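Structure, as structure tokens:
All figures in this text were calculated on a predicted structure; none of them were measured in a lab. We use all heavy atoms of the structure for the numbers below, so side chains are in, but hydrogens, waters and symmetry mates are not.
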Amino acid sequence: MRLNSALTGRASLSVSKQPLQIGLATTDQPTSDSAVAAPQITDELKTAGATLLLAIIDWQAWSHRKVESLDFYEGRRGRRRVSIDCTPLNLRWRDPRVQESFQPSEAIAVPLTMMGKAPLRQLDVRDAGGVAIPVLGASSNGLLAASALLNLLILAVGVDAAELAWPRVWKVATGGESEALAEAETICEEFNLDLFATQQFRDLASNFILTALLPASAAGVRTVIKYAYHWDVDPMPAAPLPLGRRVQVWLKSTAAGLGLASLSVDVDLNSADSSSSYHLECTAPNGISCSEVRLPTDSSGSEPVDPASGPVGHVKGRFDFGHRGDDEPARVSFVMEPGGALSRAALFSALTAAFLFFLILVPGVPGAFSKDPGSALSLLLFLPAVLLALNAKGTENVFVSRFLRPSRIISAALSAVYAVSGGLLVAKASEEAVVAWWRFGLFCAVIALILTAGGLYGLRVRRRV
């Protein structure tokens, strides 16, 4: 019996329309440790797994809209906020291993999404009114996932063979990712499962189901569930990048900081196919703007894209079941704001170029500075004053730092021109040496002015297009 044909008719899952209760005929408490003995199979467990399986494979029938928002904080910290508009199914949940007083009475389990088997930091789940709601822990999540996989196997190979493989199915759902994937591949190959079933085993070997608990009265009632968690926006590479790659990254960020290019961040999608409509929204950090938000190829065969030009970008797509684009991340691109640091660097370059041109043009200026040591010393102290100003900044996002790096380098370099000039004058260097240094500084200031002014012009042109 091939699984795809079995799932074509929903009745083949034999799901009861009555409220479900999950009961275990064992005192063993399942945990995320696959070494713990698998619980005994009961009819209630198989019925619950069938309902959960139906909820997962037909997610879009009851999950209508999913909006994911990206927020960027200081350093590499970020936060992903997700809002799900759904009509929860009537999947009752009561864990018999826990005292009644320590768990919600008459609660239903609502699978929200699949996420990688890793700790979720700063997880916060709330209902439409902003009230915090509980979620299932690793033990219960593993039980639910294993029960769903058991039903998949029953459909594919029959009850007897599937129940004999139950301890191995338990290992797939509750084991670490590497060992779970290895066991999943073994099961799929041994039972000759089709591509659909194989993908479900791989999904639940690599991921867990984030499941919220709502009052039983919420079943069949359209509602909104929101959750948020910490997001590492720019994780450090596991190994140092090769020199060539580091140079390439530096050149790219330099061009972006001068307004000549954009910088992008790849965003992995979590179950983009779990709702009828998927939305991705990004709020840019202060100092930069969104230039584009792009999703992977969706069910329409094209890449949804928002050619944003402002602080917020928003794009919408639709991913049919199994057509998630998970292997290809979404991409958010940023550009410099036309004002701000780049404008200040351009102004500083213009003033420096004009000042040095004046010094070179007027004869006898080095001698006048030599007769007034205070003026020369003021130039000598210009560099540390500017460096202190550059470093007196608040915390900022890692992408903002990359964008601001060229402007800060230009400001520091031009400040060094003044400082070296002061040093030459205090040291009573020859007039020819001082003028030669001023000409070199003028050349640097003109180059900086061309780069910054050109970048500003390009940014303003692209914003008008």
Side-chain angles (χ1 to χ4, degrees), residues 55-56 58-73 77-89 91 104 107-116 118 120-136 141 207-215 217-233 265-285 290 293-296 298-299 304-306 308 310-321 323-326 329-332:
I56 293 175
D58 206 12
W59 227 320
Q60 296 184 6
W62 59 273
S63 182
H64 317 298
R65 174 185 168 99
K66 182 176 184 178
V67 181
E68 188 158 7
S69 302
L70 308 177
D71 293 334
F72 295 82
Y73 299 149
R77 294 176 61 249
R79 194 156 182 82
R80 294 177 73 155
R81 296 182 291 108
V82 184
S83 173
I84 297 178
D85 177 6
C86 63
T87 305
L89 302 180
L91 174 56
I108 59 170
V110 184
L112 301 178
T113 188
M114 288 188 186
M115 305 194 72
L120 280 180
R121 295 174 175 84
Q122 297 180 321
L123 176 65
D124 183 28
V125 184
R126 298 182 179 272
D127 62 15
V131 179
I133 57 178
V135 297
L136 295 185
N141 274 316
N207 304 280
F208 71 93
I209 303 174
L210 178 63
T211 307
L213 293 176
L214 292 180
S217 58
V221 179
R222 190 160 181 171
T223 187
V224 174
I225 302 176
K226 303 176 182 180
Y227 63 92
Y229 57 96
H230 170 78
W231 173 43
D232 192 352
V233 301
V265 56
D266 290 339
V267 181
D268 293 330
L269 302 182
N270 292 318
S271 298
D273 64 340
S274 63
S275 291
S276 300
S277 177
Y278 178 81
H279 300 249
L280 180 64
E281 185 175 273
C282 174
T283 302
C290 291
V293 183
R294 181 182 296 271
L295 291 177
D298 67 356
S299 56
V305 59
D306 173 25
V312 179
H314 185 112
V315 65
K316 170 187 174 183
R318 177 186 173 90
F319 296 86
D320 292 337
F321 179 75
H323 185 190
R324 304 178 182 180
D326 284 357
R331 175 161 292 184
V332 180

Using 4.0 Å as the upper bound for N to carboxylate O, is an ion pair formed by D298 and R318?
no
Test: R81 and E68 ion pair at under 4.0 Å:
no
Working to the nearest 0.5 Å, report the span between CD1 of I225 and CG of D127.
8.5 Å
Closer than 3.5 angstrom, by distance alone: can the side chain of [X] be matched with the main-chain N or O of [Y] as a donor-acceptor pair?
| X | Y | result |
| --- | --- | --- |
| W62 | A55 | yes |
| D266 | R331 | no |
| S274 | A272 | no |

Applying the side chain to side chain contact (heavy atoms under 4.5 Å, CB included) test to F319, which of S299, S276, S275, P296 qualifies?
P296
So, do [X] and [Y] sit near enough that their side-chain heavy atoms are less than 4.5 Å apart?
| X | Y | answer |
| --- | --- | --- |
| V131 | R126 | no |
| V110 | L112 | yes |
| E281 | V312 | yes |
| L213 | I108 | no |
| Y229 | Q122 | no |
| V67 | D85 | no |

Do R80's NZ or CZ and the ring of W231 fall within the cation-pi criteria of under 6.0 Å and 45°?
yes
I'd like to check the side chain to side chain donor-acceptor pair (under 3.5 Å) partners of T87; sequence neighbours left out, ordered by chain and number.
H64
Is there a side-chain hydrogen bond (donor to acceptor under 3.5 Å, both in side chains) between H279 and R65 once you walk through the steps?
CA-CA 8 Å; H279 300 249; R65 174 185 168 99; 3.0 Å; yes
Residues that T113 engages under side chain to side chain contact (heavy atoms under 4.5 Å, CB included), provided they are two or more places apart
K66, M115, L210, Y227, N270, S271
C290 versus P311, closest heavy-atom pair with distance:
SG-O, 4.0 Å
